[in-house]
Amino acid sequence: MIVAERKPLEQISSMIESNNKILIVGCGECVTVCSAGRKKEVEILASALNMVRSKEGKPVEIRQETLERQCDGEYLEQLRGFIGEYEVVISMACGAGVQFMAEKYKNSLVLPALNTKFIGVTEEQGVWSERCHACGDCKLHLTGGVCPIARCSKSLLNGPCGGSANGKCEISPDLVCGWQLIIERLSDLGQLEKYEEIIPINNWSTNRDGGPRKVVREDLRL
Amino acid sequence: MKSESKLEQILTKGEFAVTSECGPPRGADAEVIRKKGELLKGFVDGVNVTDNQTSVVRMSSISSCVILKGLGLNPIMQMVTRDRNRIAIQSDILGAAALGINNILCLTGDHQKFGDHASAKNVFDMDSIQLVQTVKLMRDEGKFLGGEELKGSPKMFIGAAENPFADPFEIRVPRLAKKVAAGVDFIQTQCIYNLPKFEKWMKLVRDRGLHERVHILGGVTPFKSVGMANYMKKSVPGMDVPDELIERMKAAPKEKKAEEGINICIETIQRLREIEGIHGVHVMAIEWEEMVSEIVKRAGLFPRPHIEG
Ligand code: SF4
Ligand code: SF4
């Protein structure tokens with residue numbers, strides 16, 4: 001899933017300083033799973049903003065909505081009837097959702113409430129961590145199913161670097177070295193000989209380096 | 001000869017090589033690098049010039065190499081893959097070769113988090129092994145990574161670093177094998193303090209015959225003080241300092257701590273010379289360059305062999 005985290009309240013309230021009629025929209029997909037933009041977070045943000053503004057003596061009118069998802073035009077349509085009544089929309093979706101809403105509603109000012117962090121997993125209750133950089137050419141079959149791009153701090157394809165110590169990455173004692181994981185996994189799978197194959201210099205053109213990406217499936221187009 | 005490097009000639013002749021290191025200044029004053037160069041001149045066969053080591057901005061490795069070359073030293077340009085993509089890397093290799101630099105040490109580089117610009121974007125378009133492959137492709141096949149031919153190959157002697165003490169130990173020799181397969185000509189190791197562990201690694205290296213395909217230079221760094229020994233043990237990732245060395249430093253009288261550090265260093269060099277497959281030493285005495293000449297002399301490695309050209 002895409003993992004996100006809410007921006008600090010001060011930052012959000014400063015974005016809407018001069019607005020009095022606000023729509024906050026949550027999203028029912030990834031950011032619900034990582035508890036950043038669920039219905040519940042919409043409620044929390046709305047009451048926090050209400051509190052800040054009442055204290056300042058500038059009360060604000062807030063409507064709360066949560067869509068199935070914001071990266072899909074069909075669901076965004078559900079706002080059509082009333083979005084125009086609000087001076088500003090705060091989207092609690094990932095960056096893609098925020099932008100798609102703005103694309104669909106050209107006259108509305110849509111602001112982000114979240115910082116979109118990464119593609120990752122729920123490690124344990126309340127802890128999420130990164131697994132994939134969406135490089136566009138998956139290499140997991142070469143590295144025992146552990147991503148060298150997302151899990152090595154230097155995205156080394158032939159690691160580890162000299163800084164790997166006690167299984168930890170040189171940049172932090174709290175971070176496992178991705179290459180330690182790759183080697184352990186290859187050895188568990190009885191594939192350690194794979195380690196000696198040099199992975200050639202990467203073609204980054206499938207990554208963001210090739211410009212904004214697009215997938216077109218002719219078989220699915222109408 | 002693959003390159004025009006004096007270091008290659010010395011190693012090919014079977015002489016025990018000595019290299020050292022020089023860190024460029026944090027400013028534009030060429031005098032700083034000249035002073036360090038003068039301290040090393042005549043005592044070493046090559047000088048590594050660091051490339052923004054620990055991600056702290058310094059004078060560029062290429063320009064510092066050129067200054068040292070002007071003094072008659074044989075610079076080894078360190079190049080990290082942290083700050084340049086393949087376009088800049090290949091361009092700098094050509095430029096360095098054109099300026100008469102004929103040794104390169106291929107490194108990944110410390111993460112920018114360690115330096116004074118932690119908010120920088122890093123590059124890592126390639127890793128150190130792929131950098132070795134890149135220089136070799138340019139030198140031996142006269143080609144760019146993109147496949148086009150280049151005119152005037154960079155005749156560089158290709159080096160890399162290796163840390164026999166880093167984790168996980170089971171891949172330390174396979175990792176060297178990968179560098180050898182990539183085409184590395186010489187290896188400088190991480191500072192060696194734990195000799196039994198190093199000897200174990202070298203035995204595994206010899207079992208695979210790798211010592212016949214690459215020149216291995218053992219890295220040494222003298223302790224200046226007990227504090228430094230402790231720091232190396234506790235705070236430098238991948239450094240293996242046995243307790244008995246710390247004890248030796250502690251036991252030395254106050255005014256003789258530095259001397260004891262030098263003694264340990266010289267004893268280490270003597271032991272390294274006995275190990276089959278070790279073709280030289282890399283003496284790293286950062287900000288203590290004045291000690292290198294004494295170490296080289298006391299280790300019986302002076303005078304250095306004379307090479308024409
Ligand atoms: S190799 Fe690429 S696609 Fe596969 S997990 Fe890593 S970043 Fe994601
Ligand atoms: S310590 Fe491991 S994860 Fe960290 S940069 Fe080095 S190889 Fe990558």
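First the proteins, then the strands, lettered A, B, ... as listed; each starts at 1.
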Trainee: How long is the gap from CD on A:Gln180 to CG on B:Asp167, to the nearest 0.5 Å?
Mentor: 6.5 Å

Trainee: I need the minimum non-hydrogen distance between B:Phe124 and A:Trp204, along with the two atoms involved.
Mentor: O-CZ2, 4.0 Å

Trainee: Which atoms of B:Ile171 are under 4.5 Å from chain A, going by heavy atoms: the side chain, the backbone, both sets, or neither?
Mentor: both

Trainee: Could you pull out the closest heavy-atom pair between B:Asn163 and A:Gly162, with the gap in Å?
Mentor: ND2-O, 3.7 Å

Trainee: How close do A:Ile183 and B:Pro168 get, counting heavy atoms only, and between which atoms?
Mentor: CD1-CG, 3.8 Å

Trainee: Counting only heavy atoms from other residues, nucleotides and ligands, does the tally under 6.0 Å from CZ of A:Arg185 exceed 12?
Mentor: no

Trainee: Counting only heavy atoms not in A:Lys39, do more than 12 sit closer than 6.0 Å to its NZ atom?
Mentor: no

Trainee: Counting only heavy atoms from other residues, nucleotides and ligands, does the tally under 6.0 Å from CG of A:Asp219 exceed 12?
Mentor: yes

Trainee: Please list, in residue-number order, every residue in residues 106-115 of chain B that has a heavy atom less than 4.5 Å from any heavy atom of chain A; write 'none' if there are none.
Mentor: B:Thr108, B:Gly109, B:Asp110, B:His111, B:Lys113, B:Phe114

Trainee: Would you say that more than 12 heavy atoms from the other residues, nucleotides or ligands in this model lie under 6.0 Å from the CD of B:Glu149, or not?
Mentor: no

Trainee: So for A:Asp209, is it side chain, backbone, both, or neither that comes closer than 4.5 Å to the heavy atoms of chain B?
Mentor: neither

Trainee: For atom CD of A:Glu193, decide whether the heavy atoms of other residues, nucleotides or ligands shown that lie under 6.0 angstrom number more than 12.
Mentor: yes

Trainee: Taking every heavy-atom pair that is under 4.5 Å apart, which of B:Asp125, B:Leu131, B:Thr134 has the most such pairs with chain A?
Mentor: B:Asp125

Trainee: Just so I understand: if I count every heavy-atom pair under 4.5 Å between each of A:Pro160, A:Gly159, A:Ser153 and chain B, which residue has the most?
Mentor: A:Pro160

Trainee: Just to be sure I understand the criterion: a residue of residues 182-212 of chain B counts if one of its heavy atoms is under 4.5 Å from a heavy atom of chain A. Which ones qualify?
Mentor: B:Ala182, B:Arg208

Trainee: For chain A, find its close neighbours in residues 76-90 of chain B: heavy-atom separation under 4.5 Å, sorted by number, or none.
Mentor: B:Arg86

Trainee: Any chance you could measure A:Leu157, atom CG, to B:Ile129, atom CD1, to the nearest 0.5 Å?
Mentor: 10.5 Å

Trainee: Give the minimum heavy-atom separation between B:Gly238 and A:Ala165, together with the two atoms involved.
Mentor: N-CB, 3.7 Å

Trainee: In terms of heavy-atom pairs under 4.5 Å, which option from A:Lys168, A:Glu170, A:Lys154, A:Glu197 contacts chain B the most?
Mentor: A:Lys154

Trainee: Just to be sure I understand the criterion: a residue of residues 173-180 of chain B counts if one of its heavy atoms is under 4.5 Å from a heavy atom of chain A. Which ones qualify?
Mentor: B:Pro174, B:Arg175, B:Ala177, B:Lys178

Trainee: Within the structure provided, determine whether A:Asn158 and B:Gln130 are in side-chain contact (heavy-atom separation under 4.5 Å).
Mentor: yes

